Amino acid sequence: MKTNFSDVQNVRHEQAKHSVLISCPPKIHETKFLQYLAQHGEVASHFFFDSNGTHAVVEFVDLQSVESLLSVTKIPSDEDVYVVPYKSRYIRVKTTNAGQQFPKCWPQTSLPMNNLIEKLSTAENIEDQAQMLLDELQLTEESIRLRYLVSSLISDIATAYFPEATVHLYGSSVNSFGKMGCDLDLFLNLEDIKGYKSGKSTGAYTAEFWMRRVSSGRTAQQKILSVIGECIDSFGPGCNEVHKILNARCPLVRFSHQPSGLQCDLTADNKIALRCSELLYIYSNLDHRVRALVFAVRCWARAHGITSSIPGQWITNFSLTMMVLFFLQKRNSPIIPTLDQLKSLAGKKEKCIIDGNDCTFVGDLNKIKQTANTETLDILLIEFLEFYGKFDFKTNCIDIRKGLEKNKPEVAALYIQNPFEQTLNVSKNVNQPQLQRFVNLAQESAFILQDQVRESAKIGKPWGLASILLTNGSDRETTTKRKKKILASERIGGLLDSLKDNGNTGKRKVEH
Ligand code: CTP
Ligand code: MG
């Protein structure tokens with residue numbers, strides 16, 4: 001049985017509510033520390049991590065234990081220090097009886113690229129390399145728990161004003177394509193406030209709240225985010241570098257959560273993006289090759305500066321994911337269904353319209369038929385690079401709803417139709433030079449991999465996925481020279497053949 005997205009979300013949110021974030025002394029006696037906490041109730045799980053000091057995430061079995069711990073937690077009273085007395089579940093534990101040892105901290109960073117390339121070169125085939133890459137880069141259990149906890153702490157700040165609001169995670173933290181260190185996308189859901197749409201009438205009377213009226217939903221979002229941003233900035237424990245980016249298409253508050261080291265983007269009412277995260281979660285959990293290929297492609301693109309951590313005219317990870325999904329839909333025997341096919345499997349209760357956009361699709365993974373396609377990742381990686389190396393980006397748009405190329409509805413270097421807001425282009429930001437870099441790199445990397453199939457890789461040298469992650473060095477130069485040589489000899493061969501053909505038929509060859 002595969003676990004559905006909403007079930008995962010519910011379990012994670014519950015875990016987070018039962019958890020506290022604790023700043024600890026660098027050396028701590030783990031057993032005594034846990035005994036101290038256990039006075040408040042049974043500890044369900046805990047781990048330590050080192051980020052701007054030693055921290056622990058401690059999950060209690062009962063919610064009351066959290067309350068009990070907070071009830072004995074004091075407000076700092078150091079002389080000459082003034083505090084904003086906002087109490088949260090981010091606390092500090094001090095001790096006069098420090099341990100002799102550093103606690104075992106869960107590692108928060110993944111292998112540097114050079115070591116990763118070395119490691120991948122020890123694999124048997126590209127399939128294994130892709131799996132190794134995934135194991136190295138994917139979010140760990142601890143990182144996922146920490147992300148939900150940060151979301152829960154931000155939710156506590158927001159609900160101080162809007163008690164029924166909820167904060168959700170979306171994007172790569174939850175869609176199963178998250179890599180260690182990726183940003184934390186959050187959205188504040190105010191729409192599910194009880195009775196938002198309907199009230200209760202008694203006889204001829206109805207009552208409604210006297211609320212401030214604003215000119216548009218966007219203005220309301222901007223006002224709310226502005227205030228929440230102010231709260232995060234003024235008394236959000238551990239939150240700093242708060243920027244309100246309220247004029248963006250999707251207004252947001254960006255801040256850094258220091259103890260977790262997470263870069264957070266908080267938006268308001270971004271339900272479609274949550275739906276999109278669920279869709280990606282479904283695709284990634286349908287077949288193991290989806291995640292492996294997405295990770296391989298994202299890592300390859302990052303290594304070559306095709307994607308960047310700075311916003312700009314670069315292709316984004318989200319766009320790359322859509323490109324991989326589209327490619328997998330286009331296999332002779334498709335590896336994943338189209339969005340329309342997922343929609344046709346949805347039950348009546350799953351009908352979902354958000355802001356007039358049809359976001360209906362089946363949520364139960366177990367209702368989706370497995371593919372008969374058995375292609376290995378060795379094949380899929382080369383074919384992905386070839387597919388986009390010769391894709392007609394000038395004319396065509398990528399559409400995972402239909403799984404078909406179609407004419408671009410408007411001018412843009414790269415057009416990837418948003419699966420739900422179908423008039424939007426996910427990759428509107430990408431310019432022609434950036435797209436061309438992607439195409440050139442795809443062609444070159446496809447060639448490197450094909451060349452290895454022709455030549456059989458040299459022992460001890462990076463090969464397969466590892467070789468296309470290399471950004472410079474002699475291996476890559478040699479391959480580029482070989483590519484030129486082979487292309488030249490292929491051209492000469494082709495020329496000779498065509499001369500022979502012309503000699504035989506006396507006609508000019510027509511190229512289709
Ligand atoms: N999104 C979208 N249209 C875009 C950009 C983003 O619908 N043009 C939505 C997607 O659902 C995406 C989410 O916003 O997953 C978060 O965007 P972003 O952080 O850019 O992408 P992630 O998928 O989270 O990938 P990354 O690991 O790079 O953060
Ligand atoms: Mg993100």
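One-based numbering, in listed order, for ligands and for the atoms of each. Just so we're clear, the structure is a prediction, and the values are computed from it rather than from any experiment. The chain is numbered in sequence order, starting from 1.
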Which of the atoms in ligand 1, numbered in the order shown and given with their element, are less than 4.0 Å from a heavy-atom of [X]?
X: Ser172; value: 22 (P), 23 (O), 24 (O), 25 (O), 26 (P), 27 (O), 29 (O)
X: Asp183; value: 19 (O), 29 (O)
X: Ala273; value: 11 (O)
X: Arg298; value: 25 (O), 27 (O)

Worksheet item: Among Phe177, Phe187, Phe318, which one has a heavy atom closest to atom 2 (C) of ligand 1?
Response: Phe318

Practice prompt. Please list all pairs passing the ring pair (Phe, Tyr, Trp, His ring centres under 6.0 Å) test where one or both residues lie in residues 314-352, with sequence neighbours left out.
Written response: Phe327-Phe384, Phe327-Phe387

Worksheet item: If waters are left out, how many protein N/O/S atoms lie within less than 2.8 Å of the Mg ion (ligand 2)?
Response: 2

Item to complete: List in chain and number order the residues that pass side-chain contact (heavy atoms from CB on, under 4.5 Å) with Ser234, two or more places apart in sequence or in another chain; answer none if no residue qualifies.
Response: Glu230

Practice prompt. Quick one: look at Tyr170 and ligand 1, take heavy-atom pairs under 4.0 Å, and tell me if it's side chain, backbone, both or neither.
Written response: side chain

Worksheet, complete the sentence: Within the 4.0 Å heavy-atom cut-off, what Cys276 brings close to ligand 1 is side chain

Worksheet item: Does any pair with a residue in residues 350-370 pass salt bridge (charged side-chain N to carboxylate O under 4.0 Å, His left out), and if so which ones, sequence neighbours excluded?
Response: Lys343-Asp358

Discussion item. Is Thr316 close enough to touch ligand 1? Criterion: a residue heavy atom under 4.0 Å from a ligand atom.
Written reply: no

